[in-house]
Visitor: 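After the structure tokens below, expect a handful of questions from me.
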Amino acid sequence: MHIVVCVKQVPDTKIIKINPKTNTLDRRSAPAILNPYDAHAVQAAAGIKEAAGGEISVLSMGPPQAVEIIKKSVEIGADRGYLITDRAFAGADTLATSYALSKALDRISKEHPIDLIICGKHAIDGDTGQVGPGIARRLDIPPITNVIEVTDINKETRKVKVKRKIINGYELIETEMPCLLTVEKEINEIAYSPMPNMIKAARYNPVIWAVSDLEDVDKTQLGLKGSPTIVGKMFTPPKPEGGHMFEGAAEDQVKQVIDVLLQNKELFSVN
Amino acid sequence: MQDNRGVWVYVEQNEGVIEGVSLELLGAGRKLADKLGVPLSGILLGENVKNLADEIIYYGADQVYVVESPVLRQYRTESYMKGVILLAEKYKPEIFLYGATPNGKDVASAVATDLSTGLTADTTMLDVEVEKRLLEASRPAFGGNIMATILCKKHRPQMATVRPKVMKALERDTSRTGRVIEEALEIREEDMRTKVLEIVKDVTKKSLTDAHIIVCGGKGLGDERNFALIHELADVLGAGVGGTRDVVEAGWISHDHQIGQTGETVTPKIYFAVGISGAIQHLVGMKNSEIIIAINKDPNAPIFGVSTYGIVGDALEILPILIKQFKHAFREKGGEMTYA
Amino acid sequence: MPEKFDVIVVGAGPAGTSCAYTCAKNGLKVLQIERGEYPGSKNVMGGVLYRKQMEEIIPEFWKEAPLERPVIEQRIWMMDKESTVSFGYKGLEWAQEPYNNFTVLRAKFDQWFAKKGVEAGVLLINETVANQCIVENGKVIGIRTDRPDGEVYADVTVLADGVNSLLGKQLGFHKEFRPDEVALTVMEVINLSKDKINERFNLSENQGCTIEIFGDSTKGNLGTAFIYTNKESINIGVGTTLSSMIKSRMKPYDLLDYLKTHPMVKPLIEGGEAAEYLAHLIPEGGYHSVPKVAGNGVLVVGDAAQLVNAIHREGSNMAMASGKMAAETIVEAKKKGDFSMDTLKGYKDKLYNSFIIKDLKKYKDATHTFENNPQFLRDYVPMLNRAASKFFTVDGTSKKDKQKEIMKTMTSERGTIKLIKDVYKAWKAVK
Ligand SMILES: Cc1cc2nc3c(=O)[nH]c(=O)nc-3n(C[C@H](O)[C@H](O)[C@H](O)COP(=O)(O)OP(=O)(O)OC[C@H]3O[C@@H](n4cnc5c(N)ncnc54)[C@H](O)[C@@H]3O)c2cc1C
Ligand SMILES: Cc1cc2nc3c(=O)[nH]c(=O)nc-3n(C[C@H](O)[C@H](O)[C@H](O)COP(=O)(O)OP(=O)(O)OC[C@H]3O[C@@H](n4cnc5c(N)ncnc54)[C@H](O)[C@@H]3O)c2cc1C
Ligand SMILES: Nc1ncnc2c1ncn2[C@@H]1O[C@H](COP(=O)(O)O)[C@@H](O)[C@H]1O
């Protein structure tokens with residue numbers, strides 16, 4: 001079993017604070033982290049490896065600093081990591097991202113055939129969730145999104161069974177390997193990595209590829225050039241007027257609220 | 001690219017029932033189509049679903065493309081994607097909208113890749129620039145109380161997924177008529193790599209989106225212990241409980257209670273926003289609620305901008321009083337409260 | 001069998017990183033363990049970094065380290081309720097290489113410094129707590145961390161785990177602090193534009209200023225306050241010994257709020273936005289509190305060894321110097337292949353012959369003197385302000401008469417003999 005997990009470096013939105021005056025990011029205190037969903041994706045791979053054996057690679061496209069999140073993935077349980085980094089990749093939207101990643105996956109699979117690809121449900125910086133299915137299409141393998149449990153992996157029949165979250169429930173799906181899963185956070189809890197993994201990660205140097213290391217690449221499909229979507233304008237939504245502000249002591253304000261609510265026959269009626 | 005004409009809405013049906021967001025999109029799509037002077041089409045896939053075509057027309061479509069096949073009985077990316085691509089390649093729409101549900105996002109992502117076009121995720125505002133026939137799909141931008149308009153200038157169709165509950169459906173109008181166009185999908189079950197073995201509905205879990213009243217707490221409550229006051233007020237009112245992303249990240253409540261861009265969009269009758277600053281990513285998930293009551297100690301918090309009623313004060317002081325007074329009021333009036 | 005390192009360093013503050021870096025540069029196999037998310041993530045300092053000791057580790061570090069501003073002016077305020085007597089020194093030579101010292105934000109600086117260590121070959125592991133030294137036959141042979149399979153082994157373990165050194169206490173090297181041995185400092189980082197800072201502190205591009213405040217800054221508690229300028233923010237903080245805080249029943253944040261609204265301070269920070277609150281202990285016991293610093297297979301450096309000069313707010317420099325001395329000792333030990341107490345004791349000798357212990361010895365009674373004589377801050381600072389006010393007010397009295405008058409009121413307020421005694425005591429403590 002060879003599992004490849006796609007991992008992305010994102011700014012930590014938990015820590016990022018927005019300057020209310022300028023409406024911009026205060027990046028000063030915002031470290032870049034492994035996209036939380038991707039951490040669950042690596043953990044899921046580790047779980048599968050434990051059950052079915054095999055090895056785990058992670059793949060990321062990003063700036064050179066993204067080696068950090070590859071190391072983080074090694075802490076969680078990855079055996080190997082690849083970073084594709086090149087000016088030509090910059091400014092990619094989801095279409096161009098899935099293209100670049102699929103080319104890297106082609107090269108990886110030449111050296112180590114891939115059985116399973118796992119992505120996060122979405123990256124917390126853009127929240128699109130479009131890259132995973134995009135990769136699957138480009139490699140022409142079945143995608144299964146919103147996976148909350150991998151129930152079975154059969155190496156002989158090459159079948160995979162998973163639970164996929166849908167509105168109000170889940171569906172049990174079976175598909176064939178190779179396939180691509182995108183995972184929800186519910187799929188697992190990130191384990192506290194054991195010390196040997198930490199030491200391995202601290203030492204680890206990922207494989208780094210530029211565009212020239214990939215084969216059959218159509219450069220017009222990369223980066224900004226290969227991205228059909230662009231940001232047109234940014235705007236602050238018109239400031240809404242706001243409603244009635246109550247005044248007075250806390251007790252009084254609460255009383256006023258309750259009075260309006262209870263007097264509104266549309267909302268409440270006494271039975 | 002010049003040949004692409006018409007506005008399309010992907011109509012998601014599950015077991016023969018049309019998703020609400022699809023009807024909302026027909027309403028939004030109608031406006032875009034009228035501005036551009038083109039027809040609005042609904043795209044309907046499934047097994048034995050043709051009977052839904054009329055509904056789609058009642059809600060605003062001029063025509064409905066229908067693909068029926070046994071391989072479309074349940075949603076599967078593989079088969080649905082093929083059906084959609086078949087239609088899109090043949091009839092060439094210029095704008096194509098999908099609901100941002102798990103299935104809607106799934107099929108849209110796959111289709112965008114095959115059609116090699118742009119896809120804007122989780123849109124909350126739609127408009128069109130008529131002269132250039134450009135879809136202006138806006139969504140909260142990462143990093144601030146700011147919206148970004150995403151454009152797809154050189155590729156067609158221009159595609160977007162749109163958040164449920166932010167657009168308005170039209171009134172159902174049974175006098176409307178339209179065309180139904182059928183296409184056949186040449187895939188056999190044997191060619192399918194993916195199978196849906198079982199669908200399990202969790203009926204016990206009441207979705208937050210169905211709640212009439214929601215009490216939502218934010219980081220302003222300080223810690224998980226204080227957050228219990230949110231549950232307590234919700235109990236008194238028989239309300240659902242929500243949280244902001246910060247609160248979910250802090251682990252005070254689970255992710256399925258998150259309201260906002262990356263959580264649920266809700267439109268209850270009454271929404272209590274307690275200790276919530278009102279970041280745009282939160283507002284898009286709740287601002288269409290009927291009555292919004294905001295409690296925040298900062299009089300300049302943006303949440304007051306969308307609130308119907310505002311209380312400036314310490315939530316830890318206000319909540320216990322609210323709980324006490326509601327209890328008292330209910331006792332006073334006798335019996336329980338029901339929703340009209 | 002888990003692998004064995006030459007050195008394990010616990011903590012990635014200035015002490016730990018100096019030690020780890022120096023060891024790695026000398027070819028040793030170093031594992032450094034830090035409990036924070038990254039080095040510096042939780043570390044706190046008013047923010048003056050001294051050039052000298054840092055330079056001895058990384059020459060010309062100022063060319064690449066994330067520093068805020070070179071300090072070109074140091075002010076001292078003797079502050080009363082509505083006035084302050086101020087003096088200080090501003091020198092433009094400090095605005096040029098090699099500079100004198102710098103303001104820094106520790107979250108950035110520690111991270112950079114640790115990265116230099118990693119580049120030199122240190123294996124740095126974050127988000128991991130060292131829970132216990134593993135001791136075998138009276139020798140420390142490694143540490144136990146909170147991770148699964150969390151034991152790691154080394155010839156020498158260096159405790160650079162900061163002021164509250166849990167590991168040092170476990171080994172019995174030192175006891176729990178007495179409240180008069182530590183100061184609790186709270187500080188805020190207040191964001192303010194570059195232009196406003198330059199204007200308010202009378203600075204030009206890339207020039208920084210520090211203000212140390214005595215007197216009303218602590219509401220009569222034993223301690224001091226400070227205001228330091230960063231690039232686009234200001235560090236403001238106040239610290240007092242735990243004992244005096246307990247005595248006066250004051251909460252640290254109340255003190256900081258008081259300071260921030262003080263009429264002398266408020267105009268400097270007005271309009272700024274609090275970006276961070278931080279609180280940290282400072283070891284102030286000085287010479288008397290220095291614990292055992294060398295044992296069998298183990299060395300203690302930096303705050304963990306209580307190496308702070310409270311009077312001159314020096315700590316990071318002592319941390320770095322001690323870290324480096326420990327590293328040099330370990331390198332020698334490695335050469336000899338002997339990590340016993342005999343060899344490691346070399347560190348203690350180095351330390352005691354250096355400026356560190358000499359300085360600590362010199363000021364060994366300072367804190368106690370002030371603690372036992374609250375009048376220094378409580379009475380003399382206001383007195384000084386009244387005197388200055390009188391002296392500088394132009395009211396037709398001759399300067400000579402003014403001086404006479406000032407002396408008269410001062411001695412009448414506290415009595416001549418007492419005054420002289422007090423001044424002598426204070427002088428002796430800090431001379
Ligand atoms: C890509 C992306 C997606 C996001 N998606 C979502 C999403 O789906 N949902 C979401 O909610 N957020 C989302 N966010 C985060 C969002 O930007 C905000 O950071 C978040 O909504 C803030 O949560 P909050 O209001 O609870 O906390 P804060 O912004 O910290 O606000 C706390 C408020 O409480 C007030 N307060 C403090 N103490 C008290 C007290 N004692 N009594 C009363 N009031 C008090 C304060 O004045 C303040 O206004 C997203 C962000 C990004 C970048
Ligand atoms: C408010 C304040 C202002 C100051 N101002 C100045 C100043 O202006 N100039 C100056 O030179 N000094 C100043 N100091 C003193 C200076 O900060 C310290 O002397 C210096 O940081 C000591 O360095 P250290 O490496 O020994 O300890 P620390 O910087 O405290 O580093 C200890 C490290 O060990 C880690 N750690 C602790 N326990 C464990 C464990 N069990 N396992 C793993 N990791 C652990 C910690 O997370 C930390 O990173 C100030 C101190 C304070 C509190
Ligand atoms: N630059 C990238 N490098 C590697 N994987 C990525 C990258 N961008 C997105 N992904 C993967 O695609 C998932 C969805 O991302 P997104 O579509 O951007 O929300 C992420 O969780 C990752 O698994």
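Naming: A, B, ... by sequence-line order, numbering from 1 per chain.
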Visitor: Below 4.5 Å from any heavy atom of chain A, which atoms of B:Gln74 appear? Answer side chain, backbone, both or neither.
Guide: neither
Visitor: With a 4.5 angstrom heavy-atom cut-off, could you sort out which part of B:Ser138 is near chain A: side chain, backbone, both or neither?
Guide: side chain
Visitor: Tell me, side chain or backbone of A:Ile167 under 4.5 Å from chain B's heavy atoms, or both, or neither?
Guide: both
Visitor: Measuring from B:Leu322:CG to A:Glu251:CD, what's the distance to the nearest 0.5 Å?
Guide: 10.5 Å
Visitor: Quick check for you: among A:Gln256, A:His122, A:Arg164, A:Lys255, which has the greatest number of heavy-atom pairs under 4.5 Å with chain B?
Guide: A:Arg164
Visitor: Please round to the nearest 0.5 Å and tell me the distance separating atom CD1 of A:Ile258 and atom CD1 of B:Ile321.
Guide: 10.0 Å
Visitor: For B:Lys105, which atoms come within 4.5 Å of any heavy atom of chain A: side chain, backbone, both, or neither?
Guide: side chain
Visitor: Nearest 0.5 angstrom please: B:Lys201 NZ to A:Glu171 CD, how far?
Guide: 9.5 Å
Visitor: Is A:Gln130 reaching over with its side chain to a backbone N or O of B:Thr113, donor-acceptor style, under 3.5 angstrom?
Guide: no
Visitor: Check step by step if side-chain contact (heavy atoms from CB on, under 4.5 Å) holds for A:Glu184 and B:His255.
Guide: CA-CA 10 Å; A:Glu184 301 267 354; B:His255 179 77; 5.5 Å; no
Visitor: Where do A:Pro142 and B:Thr194 come nearest, in terms of heavy atoms and distance?
Guide: CB-OG1, 3.6 Å
Visitor: Side chain from CB out, backbone as N, CA, C, O: work out which of these in A:Asn146 comes under 4.5 Å of a heavy atom of chain B, or both, or neither.
Guide: side chain
Visitor: So for atom NZ, which belongs to A:Lys161, do other residues, nucleotides or ligands contribute more than 12 heavy atoms lying within a distance under 6.0 Å?
Guide: no
Visitor: Given heavy-atom pairs under 4.5 angstrom as the criterion, report whether the side chain, backbone, both or neither of B:Thr117 touches chain A.
Guide: backbone
Visitor: Measure B:Glu19 against the heavy atoms of chain A and call it side chain, backbone, both or neither at under 4.5 Å.
Guide: side chain
Visitor: Who wins among B:Ala121, B:Gly118, B:Gly305 for the most heavy-atom pairs under 4.5 Å with chain A?
Guide: B:Gly305
Visitor: Which atoms of B:Asn103 come close to chain A, meaning under 4.5 Å heavy atom to heavy atom: side chain ones, backbone ones, both, or neither?
Guide: both
Visitor: Which heavy atom in B:Asp106 sits nearest to a heavy atom in A:Pro133, and how many Å separate them?
Guide: O-CB, 4.5 Å
Visitor: Heavy-atom distances under 4.5 Å only: say whether B:Val312 touches chain A with side chain, backbone, both or neither.
Guide: both
Visitor: Minimum heavy-atom separation for A:Thr229 to B:Leu119, with atom names?
Guide: CG2-N, 3.7 Å
Visitor: Checking A:Val231 against chain B: side chain, backbone, both or neither under 4.5 Å from a heavy atom?
Guide: both
Visitor: How long is the span from the OG atom in A:Ser227 to the NE2 atom in B:His155, to the nearest 0.5 Å?
Guide: 9.5 Å
Visitor: So, applying side chain to side chain contact (heavy atoms under 4.5 Å, CB included) with A:Leu172, which one of B:Leu197, B:Ile199, B:Val196 is it?
Guide: B:Leu197
Visitor: If I measure from the heavy atoms of chain B, does A:Lys163 come under 4.5 Å with its side chain, its backbone, both, or neither?
Guide: neither
Visitor: Is there a side-chain contact (heavy atoms from CB on, under 4.5 Å) between B:Phe330 and A:Leu262 once you walk through the steps?
Guide: CA-CA 9 Å; B:Phe330 291 167; A:Leu262 296 193; 4.2 Å; yes
Visitor: If you measure from CD1 on A:Ile173 to OG1 on B:Thr77, what distance do you get to the nearest 0.5 Å?
Guide: 7.0 Å
Visitor: Parallel, tilted or perpendicular: which one describes the rings of A:Phe246 and B:Tyr309, with boundaries at 30° and 60°?
Guide: parallel
Visitor: At a 4.5 Å cut-off on heavy atoms, which part of A:Lys159 comes close to chain B: side chain, backbone, both, or neither?
Guide: neither
Visitor: What heavy-atom pair brings B:Phe272 and A:Leu261 nearest, and what distance separates the two atoms?
Guide: CZ-CD1, 4.0 Å
Visitor: Please classify the contact of B:Arg139 with chain A as side chain, backbone, both or neither, using a heavy-atom distance under 4.5 Å.
Guide: side chain
Visitor: For B:Thr308, is it the side chain, the backbone, both or neither that has a heavy atom under 4.5 Å from a heavy atom of chain A?
Guide: backbone
Visitor: Side chain from CB out, backbone as N, CA, C, O: work out which of these in B:Ile293 comes under 4.5 Å of a heavy atom of chain A, or both, or neither.
Guide: side chain
Visitor: With only heavy atoms counted, which part of B:Lys287 is less than 4.5 Å from chain A, the side chain, the backbone, both or neither?
Guide: neither
Visitor: Taking CZ in B:Arg73 as the centre, count heavy atoms belonging to other residues, nucleotides or ligands within less than 6.0 Å. Is the count above 12?
Guide: no
Visitor: For the atom pair CD1 (A:Ile124) and OG1 (B:Thr262), what is the distance rounded to the nearest 0.5 Å?
Guide: 9.0 Å
Visitor: Name the option with the most non-hydrogen atom pairs under 4.5 Å to chain B; the candidates are A:Thr182, A:Val160, A:Ile166, A:Ile141.
Guide: A:Ile141
Visitor: Quick one: what part of A:Asp252 sits under 4.5 Å from any heavy atom of chain B, side chain, backbone, both or neither?
Guide: neither
Visitor: I'd like to verify something: which residue of B:Ser116, B:Pro102, B:Ser254 has the highest number of heavy-atom pairs under 4.5 Å with chain A?
Guide: B:Pro102
Visitor: If you count heavy-atom pairs within less than 4.5 Å of chain A, which of B:Gln325, B:His328, B:Glu198 leads?
Guide: B:Gln325
Visitor: Looking at chain A, which one of B:Ala110, B:Ala294, B:Gly313 has the largest number of heavy-atom pairs inside 4.5 Å, strictly under?
Guide: B:Ala110
